[in-house]
There are 2 protein chains.
Amino acid sequence: MTPAKPSDTADVLTIREMCDAFEVTPRTLRFYEQKELLFPIRQGTRRLFTRRDRARLKLILRGKRFGFSLEDIRQLLDMYDRDPGQQAAQLQRTYELARARLSEMEQQRDELNEAITDLKAQMAWGEEMLATLAKGNAT
Amino acid sequence: MTPAKPSDTADVLTIREMCDAFEVTPRTLRFYEQKELLFPIRQGTRRLFTRRDRARLKLILRGKRFGFSLEDIRQLLDMYDRDPGQQAAQLQRTYELARARLSEMEQQRDELNEAITDLKAQMAWGEEMLATLAKGNAT
DNA sequence: CGTTACATTTACGTCAACGTCAGGCCCTCT
DNA sequence: AGAGGGCCTGACGTTGACGTAAATGTAACG
């Protein structure tokens with residue numbers, strides 16, 4: 001009576017197991033499937049996520065962290081398992097996208113830093129004001 | 001016959017003058033009015049932006065740079081000219097919001113930096129791969 | 001057989017800050 | 001009178017990544 005509950009230790013995961021493993025919602029997985037980012041196999045109507053899906057999802061989430069859009073990610077993923085021969089060219093392409101994204105991120109960071117500096121300056125000004133007003137209203 | 005074209009050097013600006021002065025579109029100004037961020041006076045159906053509107057818009061744009069939502073900005077602006085007496089309390093409130101926003105920005109920057117670092121690492125890995133593949137395919 | 005507990009599909013809703021028409025008024029120059 | 005220009009209102013469209021609701025299925029437990 002081995003408690004073979006979910007997917008019986010096979011190397012496929014149910015949607016719930018997948019969600020728990022990656023901290024995403026079922027909606028997200030279905031959404032990704034619809035967007036052709038994942039291709040779970042079907043047992044009747046249910047989805048079973050393979051090792052390949054898990055690898056892809058890991059890459060998807062990593063890509064998201066870097067700010068790539070799902071569409072970008074899909075293209076990269078597609079490229080890699082469409083023709084597993086043009087390795088160099090593919091890596092090249094990936095590399096270019098990464099470089100572009102990287103400079104975007106750095107620029108964004110710089111703008112953010114500028115804004116932070118400015119906001120701090122404004123706040124320093126605000127502190128003066130507060131002090132002044134406090135003196136004025138002192139008992 | 002002074003060529004009194006737009007608003008005749010008075011201290012009100014037409015929508016176009018306002019747009020040119022602040023580099024925004026008419027749509028934006030109308031939108032801000034609808035959102036109760038600006039209150040241009042009406043000459044018939046046309047808008048005339050006063051000095052007060054200009055001051056507010058300046059603050060709005062500054063706020064946006066800091067990542068405040070229009071709704072946040074509206075509340076702050078409202079607060080300031082609803083009761084022009086609670087200066088200290090208002091400044092206090094503004095200060096709190098600014099502090100909160102500041103830490104959000106700093107966190108965001110940190111996450112971005114982390115992602116940048118990670119992406120760079122990935123890219124270094126990619127370079128190795130490219131080099132390896134290049135050797136393999138060398139003539 | 002009934003209930004519980006997930007699963008599925010379909011499709012509309014969300015959020016922000018505007019963009020983009022479409023249609024119409026009013027004034028001015030020619 | 002016609003053409004042109006600027007301004008107006010009103011309302012739908014955009015973008016991305018899902019959330020959420022409704023109706024249905026189906027598998028297993030008891």
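A note on names: the letters A, B, ... follow the listed sequences, proteins ahead of strands, and every chain is numbered from 1. Because the structure is a prediction, the values reported are computed rather than measured.
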Checking [X] now: which residues fulfil salt bridge (Lys or Arg N to Asp or Glu O under 4.0 Å) with it, not counting sequence neighbours?
X        : value
B:Asp110 : none
A:Lys35  : none
B:Arg27  : none
B:Glu96  : B:Arg93

* Asked: Which side-chain hydrogen bond (donor to acceptor under 3.5 Å, both in side chains) pairs, counting each pair once, include a residue from residues 37-46 of chain B, with sequence neighbours left out?
  -> B:Glu33-B:Arg42

* Asked: In residues 29-42 of chain A, which residues come under 4.0 Å of DNA chain D by heavy atom?
  -> A:Phe31, A:Tyr32

* **Whole-Å distance separating the CD1 atom of A:Ile15 from the P atom of D:dC18** =>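 Whole-Å distance recorded here is 14 Å.
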
* For B:Met18 and D:dC7, what is the distance between atoms CE and P respectively, to the nearest whole Å? ->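 Rounded to whole Å, this separation is 14 Å.
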
* Indicate yes or no: does A:Arg47 engage A:Asp53 in a salt bridge with an N to O separation below 4.0 Å. => no

* Asked: B:Met123: what forms a side-chain contact (heavy atoms from CB on, under 4.5 Å) with it, not counting sequence neighbours?
  -> A:Tyr95, A:Ala98, A:Arg99, A:Leu102, B:Leu119

* **Side-chain (A:Glu17) to main-chain (A:Thr14) donor-acceptor, under 3.5 angstrom** => yes

* **Donor-acceptor contact present, side-chain B:Thr94 to main-chain B:Gln90, <3.5 Å** => yes

* Asked: Taking only residues two or more places apart in sequence or in another chain, which ones pass side-chain hydrogen bond (donor to acceptor under 3.5 Å, both in side chains) with A:Glu106?
  ->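 side-chain hydrogen bond (donor to acceptor under 3.5 Å, both in side chains) check on A:Glu106 returns B:Lys120.
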
* So, A:Gln108 and A:Glu104: side-chain donor and acceptor under 3.5 Å apart, yes or no? ->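 No, no side-chain donor-acceptor pair sits under 3.5 Å.
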
* Could you check which residues of residues 55-74 of chain A get a heavy atom under 4.0 Å from DNA chain C? Sort them by number, please. =>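 Result for residues 55-74 of chain A: none.
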
Can you give the donor-acceptor pairs under 3.5 Å from side chains of residues 58-68 of chain B to other protein atoms, not counting sequence neighbours?
| residue | atom | partner | partner atom | Å |
| --- | --- | --- | --- | --- |
| B:Arg65 | NH1 | A:Asp118 | OD2 | 2.7 |
| B:Arg65 | NH2 | A:Asp118 | OD2 | 3.2 |

* To do: Assign each of B:Thr45 and B:Arg27 to its nearest nucleotide of DNA chain D by heavy atoms, then name whichever residue's nucleotide is nearer the 5' end.
  => B:Thr45

* Phosphate OP1/OP2 of D:dC8: any B:Arg47 side-chain N/O under 4.0 Å ->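 So the side chain of B:Arg47 is within the cut-off, an N or O lying under 4.0 Å from OP1 or OP2 of D:dC8.
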
* Counting side-chain heavy atoms from C-beta on, which of D:dG25, D:dC8, D:dT20 comes nearest to A:Arg46? -> D:dG25

* Heavy-atom side-chain proximity of A:Leu57 to A:Phe49 below 4.5 angstrom -> no

* If an axis is fit to five pairs at each end of the helix from C:dC1-D:dG30 to C:dT30-D:dA1, what is the angle between the two, to the nearest 10°? -> 30°

* Structure fact -> So the contacted stretch of DNA chain C, first to last nucleotide with an atom under 4.0 Å from a non-hydrogen atom of chain A, runs from C:dA7 to C:dA11

